Each structure stands twice: as C-alpha cells, then as structure tokens.
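Worksheet: the structure to be examined is printed underneath.
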There are 2 protein chains.
Amino acid sequence: MKNIKPKLIDLFKGGYCTPQIARIASTLKEPSSTIHYNIKKLENEGAIKAYKAVFDYEKINEGFCVYVLVNISPEYYNTPIAEELSKLEEVESAATIAGEWDIILKIRTKNQNEYYDILKKHLLPKGVTKTLTLTTLKDIKTNYVFL
Amino acid sequence: MKNIKPKLIDLFKGGYCTPQIARIASTLKEPSSTIHYNIKKLENEGAIKAYKAVFDYEKINEGFCVYVLVNISPEYYNTPIAEELSKLEEVESAATIAGEWDIILKIRTKNQNEYYDILKKHLLPKGVTKTLTLTTLKDIKTNYVFL
DNA sequence: TTGTCTAACTGAACAAAATTCAAATATCCA
DNA sequence: TGGATATTTGAATTTTGTTCAGTTAGACAA
C-alpha cells in the first residue's frame, strides 16, 4: 500500500487543481473558448491565487479548530511574527488586526492536545505576550464552502 | 462584452474546479490511474467538500476584511442564527464558539461602508445582542494559501 | 457619424488529460 | 493458510483543454 492519501491532502491544501472549463461553459451557456479566454485573463491579472480543495476536516483528522487572538510585545512590532506563525502547516488563516489584539489565527489540529503543543511551542515563545483561544463548537462555513 | 468575470468569480468561490491528476501523478511519481483511484476514494468518503479558487481579494473588489465576534440573546440559542448569517455571500467563514462570544464570522466586502451596511442590516436585527469587529490590517494567509 | 485601434469573442483543429476497465498485486482477517 | 476485499496498473477510450486565425464589439478621437 502506497499511502497516497496524505500526500494528496498536502497537495490539495494549496493547489494542484484547475478550472472545469467545459462545465463552466455549459453552466453559463457560453463557448468553452470564451470561458478559457476569460479565465486566463483573470489568472494573468493575478486575481486568482490558487485552485485547491476544501475538506471535511473531521475526516482528515483535523477536527479540532480554534481561532486564536495574539498580542505582541511592542519591541517585536517591526518583526514578521505573523508571517512566521503563518508558516505553521496547522495555521489555516492568519492576519494582523487593529484594536486590542494584534494577530488573529485560525488553527486546525486533530484534537486539543495537539493544539496545546502548538500553543506551547510556537505561540508562547517569541514576542507573544498574551493569547486568547476561541474554540470552535461547530464549523459552519469555511472559505465560502459549507461544511 | 459579456461580463463573464463576475460569473466566473461566483462559480469559483464554491467549486467548478477539479484535480490535476496528470500533474499530481508526475509530482508523486505514480501512475495517473493510481492517483485517479485514490482521489475518487477521498471524494467518495466525503473527505473532499469542493475544489475551488482562492483569490487576491483586493483584485476582485473585496479588499476589506473583518472578523466579527457575535453574541446571541439567550432566547435565540435554539435557533439557527449562525446558519442564517452564513448564507450571506460576503461571509467567508462562520462558526459557533465556546466562551464569552457565541459566533465568529469572517466577512469580506469592498470597503468599510459596505461592511457597515451588512452590520446594520444583518448583524443587528435578529437575536444579536452585541458584536465586536476586528478589522484586518494585513491578510497573510487564507485557507492555507498565502496572499 | 466615421474611422481606427484594441480588446473580447468564437469555431474548428489539435493536443493533452481524465476516465474506464480488466488483470495483477497486495492486504486483511477468520 | 485461504478466501474475500482493497489497491495498483497499463492500455484503450472518451472527454476536456488549448491554440489560433478570423470575427465582432467597444472605446475614443477627429
């Protein structure tokens, strides 16, 4: 057995998909060469970053989902902490925000324990002064896809 | 001019894409029929919800992004408010959460004004008692894709 | 309005990729 | 060990994507 499933999941998280031109053409009742032309234009404008898969995260062992609010110590304001945290594969989304908190992360793991490991290892060292974890009870919609 | 671009964006937000079996096969150095078999298996298990596009949201006029924490009045706890809010096309993600707040939403609009319209129209009526808007300064990663 | 330039659209030929399927191999478990 | 089930694979087939030259539509200045 080649255990291809985890490799597919890895690839599909960030890309390795492509538009279904024929299906779009038939849905919009336009020639496929017209659809092709318009998609290439969108891609060349840089409007499309990736074609990728969205999962049922329970079924790929990432059923535990949290949002984490993070505060950064002032002397780290000019360092790319958010960018560093974004590189963790468990981080689905990351953004810097205005107000009481500095960064918001969305993190998916198998369970609480794995999240706690990440919290200890990656969210407490560096310039992080404070965190607030919002634990997801029910994931309803992610990236415009209903779960 | 047929104005196909917005229609493509609509379709791509939720699907109308498909795996690149040949490219995956060559990346993983496996026969494409093997890759095909394993992908179909993932799909049949329900592990994959959709194949879709991720955008440069500035370039599709959705450059304003917020996270909103929402509180629900107790008499609405048994109603599907989160599900209702999820149906708004501007809502990228929605989840019910544990703790001080009941729901977290991620919303993309063209600008502050359009977000304010949604806040007034959809987030204040119904059973919503309180909201806290966290405005994104810099979107770093969304759905595992770097922006 | 007319003419000119550029962008958008399209059909048809072609190239590439997905899908199917039957046979071979591996895995599971009683 | 044996028999049922799941996975892998190459080759044939079907479907889809891509290219490109010709056409149409839109923008804009005279």
Side-chain angles (χ1 to χ4, degrees), chain A residues 1-63 89 110 143-147, chain B residues 1-63 89 110 143-147:
Chain A
M1 219 261 259
K2 296 196 157 184
N3 207 23
I4 287 169
K5 177 172 168 176
K7 295 174 188 170
L8 289 177
I9 292 171
D10 270 4
L11 295 181
F12 282 152
K13 271 193 185 170
Y16 284 86
C17 298
T18 191
Q20 287 182 293
I21 295 179
R23 186 151 83 97
I24 295 166
S26 115
T27 299
L28 299 183
K29 297 192 178 66
E30 300 288 353
S32 67
S33 48
T34 302
I35 298 304
H36 183 270
Y37 174 85
N38 279 275
I39 290 175
K40 288 307 159 198
K41 189 157 167 279
L42 268 178
E43 291 174 359
N44 293 335
E45 286 170 359
I48 292 173
K49 301 295 278 185
Y51 301 106
K52 55 152 292 162
V54 174
F55 299 95
D56 181 329
Y57 296 94
E58 297 270 2
K59 293 192 174 148
I60 61 167
N61 267 297
E62 297 183 18
E89 63 169 0
K110 187 184 166 112
N143 208 238
Y144 304 105
V145 175
F146 288 90
L147 300 177
Chain B
M1 219 261 260
K2 297 194 157 182
N3 208 23
I4 287 169
K5 178 172 167 176
K7 294 175 188 167
L8 287 177
I9 292 171
D10 270 6
L11 294 181
F12 282 151
K13 271 191 186 172
Y16 284 87
C17 297
T18 191
Q20 288 183 293
I21 295 179
R23 186 151 84 96
I24 295 166
S26 113
T27 299
L28 299 184
K29 297 191 177 67
E30 299 287 354
S32 68
S33 50
T34 302
I35 299 303
H36 183 271
Y37 173 86
N38 279 275
I39 290 174
K40 288 305 159 200
K41 188 159 166 275
L42 269 178
E43 292 174 359
N44 293 335
E45 285 169 359
I48 291 173
K49 301 296 275 186
Y51 302 105
K52 54 153 290 162
V54 174
F55 298 95
D56 182 329
Y57 296 94
E58 298 271 2
K59 293 193 174 147
I60 62 167
N61 268 297
E62 296 182 21
E89 62 170 2
K110 185 184 167 112
N143 207 238
Y144 303 106
V145 175
F146 286 90
L147 299 176

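Predicted model, so just to flag it, every value in this text is computed and none were measured. Quick note on labels: first sequence line is chain A, next is B, and so on, each numbered from 1.
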Report the residues that fulfil side chain to side chain donor-acceptor pair (under 3.5 Å) with A/Asn61, sequence neighbours left out, ordered by chain and then residue number.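 By the side chain to side chain donor-acceptor pair (under 3.5 Å) rule, A/Asn61 matches A/Lys110.
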Mind checking what makes side chain to side chain donor-acceptor pair (under 3.5 Å) contact with A/Lys40, not counting sequence neighbours?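 In terms of side chain to side chain donor-acceptor pair (under 3.5 Å), with neighbours along the sequence ignored, A/Lys40 is linked to A/Glu43.
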Mapping B/Met1 and A/Met1 onto DNA chain C by nearest heavy atom, which one lands closer to the 5' end?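 So the residue in question is B/Met1.
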Chi angles and distances behind the side-chain contact (heavy atoms from CB on, under 4.5 Å) call for A/Leu8, A/Lys5: CA-CA 5 Å; A/Leu8 289 177; A/Lys5 177 172 168 176; 5.7 Å; no
Interface residues of residues 9-30 of chain B with DNA chain C (non-hydrogen, below 4.0 angstrom):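 Those residues whose heavy atoms fall under 4.0 Å from DNA chain C, taken from residues 9-30 of chain B in numerical order, are B/Pro19, B/Gln20, B/Ile21, B/Ala22.
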By a strict heavy-atom criterion of less than 4.0 Å, which residues belonging to residues 43-56 of chain B are in contact with DNA chain C?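 The stretch gives none, as no residue of it lies under 4.0 Å from the strand.
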Hey, is the side chain of A/Lys2 poking within less than 4.0 Å of OP1 or OP2 on D/dT9, counting only N and O atoms?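 Yes, because at least one side-chain N or O of A/Lys2 sits under 4.0 Å from OP1 or OP2 of D/dT9.
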Is B/Tyr37 close enough to D/dT8 that one of its side-chain N or O atoms is under 4.0 Å from OP1 or OP2 there?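 For D/dT8, neither OP1 nor OP2 has a side-chain N or O of B/Tyr37 closer than 4.0 Å.
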Can you give me the closest heavy-atom contact between A/Gly14 and A/Ala50, atom names plus distance?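 Reported closest heavy-atom pair: O-CB, 3.5 Å.
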Over all atoms of both residues, closest heavy-atom pair of A/Pro31 and A/Ala25: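 So the two residues come closest at C-CB, 4.2 Å.
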Any side-chain hydrogen bond (donor to acceptor under 3.5 Å, both in side chains) involving residues 29-39 of chain B? Give me the pairs, sequence neighbours left out, ordered by first then second residue.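 Listed by first then second residue: A/Lys2-B/Glu30.
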Pairs involving residues 11-22 of chain B, ordered by first then second residue, that meet side-chain hydrogen bond (donor to acceptor under 3.5 Å, both in side chains) (sequence neighbours left out):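 Those involving residues 11-22 of chain B are A/Thr27-B/Tyr16, B/Lys13-B/Glu62, B/Gln20-B/Arg23.
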Partners passing salt bridge (charged side-chain N to carboxylate O under 4.0 Å, His left out) against A/Lys7 (at least two apart in sequence or in another chain):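 Partners of A/Lys7 by the salt bridge (charged side-chain N to carboxylate O under 4.0 Å, His left out) criterion come out as none, since no residue qualifies.
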Going by side-chain contact (heavy atoms from CB on, under 4.5 Å), name the residues that satisfy it together with B/Asp56, two or more places apart in sequence or in a different chain.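 A/Lys49, B/Glu58, B/Lys59.
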Would you please test B/Val54 and B/Leu147 for side-chain contact (heavy atoms from CB on, under 4.5 Å) and show each step? CA-CA 9 Å; B/Val54 174; B/Leu147 299 176; 4.3 Å; yes
Distance (rounded to the nearest 0.5 Å) between A/Ile60 CD1 and A/Ile9 CD1: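 Spacing of CD1 (A/Ile60) from CD1 (A/Ile9) equals 5.0 Å.
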Which residue, A/His36 or B/Lys41, contacts DNA chain D at a nucleotide closer to its 5' end, judged by nearest heavy atom?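 Here B/Lys41 is the residue nearer the 5' end.
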Can you list everything that forms a ring-ring contact (aromatic ring centres under 6.0 Å, His included) with B/Phe12? Sequence neighbours excluded, please.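 B/Phe12: ring-ring contact (aromatic ring centres under 6.0 Å, His included) contacts with A/Tyr51.
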Within the structure provided, determine whether [X] and [Y] are in side-chain contact (heavy-atom separation under 4.5 Å).
X	Y	result
A/Ile4	B/Ile39	no
B/Lys41	B/Asn44	no
B/Val145	A/Asn143	no

For the helix from C/dT1-D/dA30 to C/dA30-D/dT1, what angle lies between the axis at the first five pairs and the axis at the last five pairs, to 10 degrees?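 Roughly 50°, once rounded to the nearest ten degrees.
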First contact, last contact: which nucleotides of DNA chain C are these for chain B, 5' to 3', heavy-atom distance under 4.0 Å?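 Range of nucleotides within reach of chain B: C/dA8 to C/dT20.
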Under 3.5 Å, which N/O atoms of the protein pair with N/O atoms of nucleotides 10-14 of chain D?
{"residue": "D/dG10", "atom": "N7", "partner": "B/Ser33", "partner atom": "OG", "Å": "3.0"}
{"residue": "D/dG10", "atom": "O6", "partner": "B/Ser33", "partner atom": "OG", "Å": "3.2"}

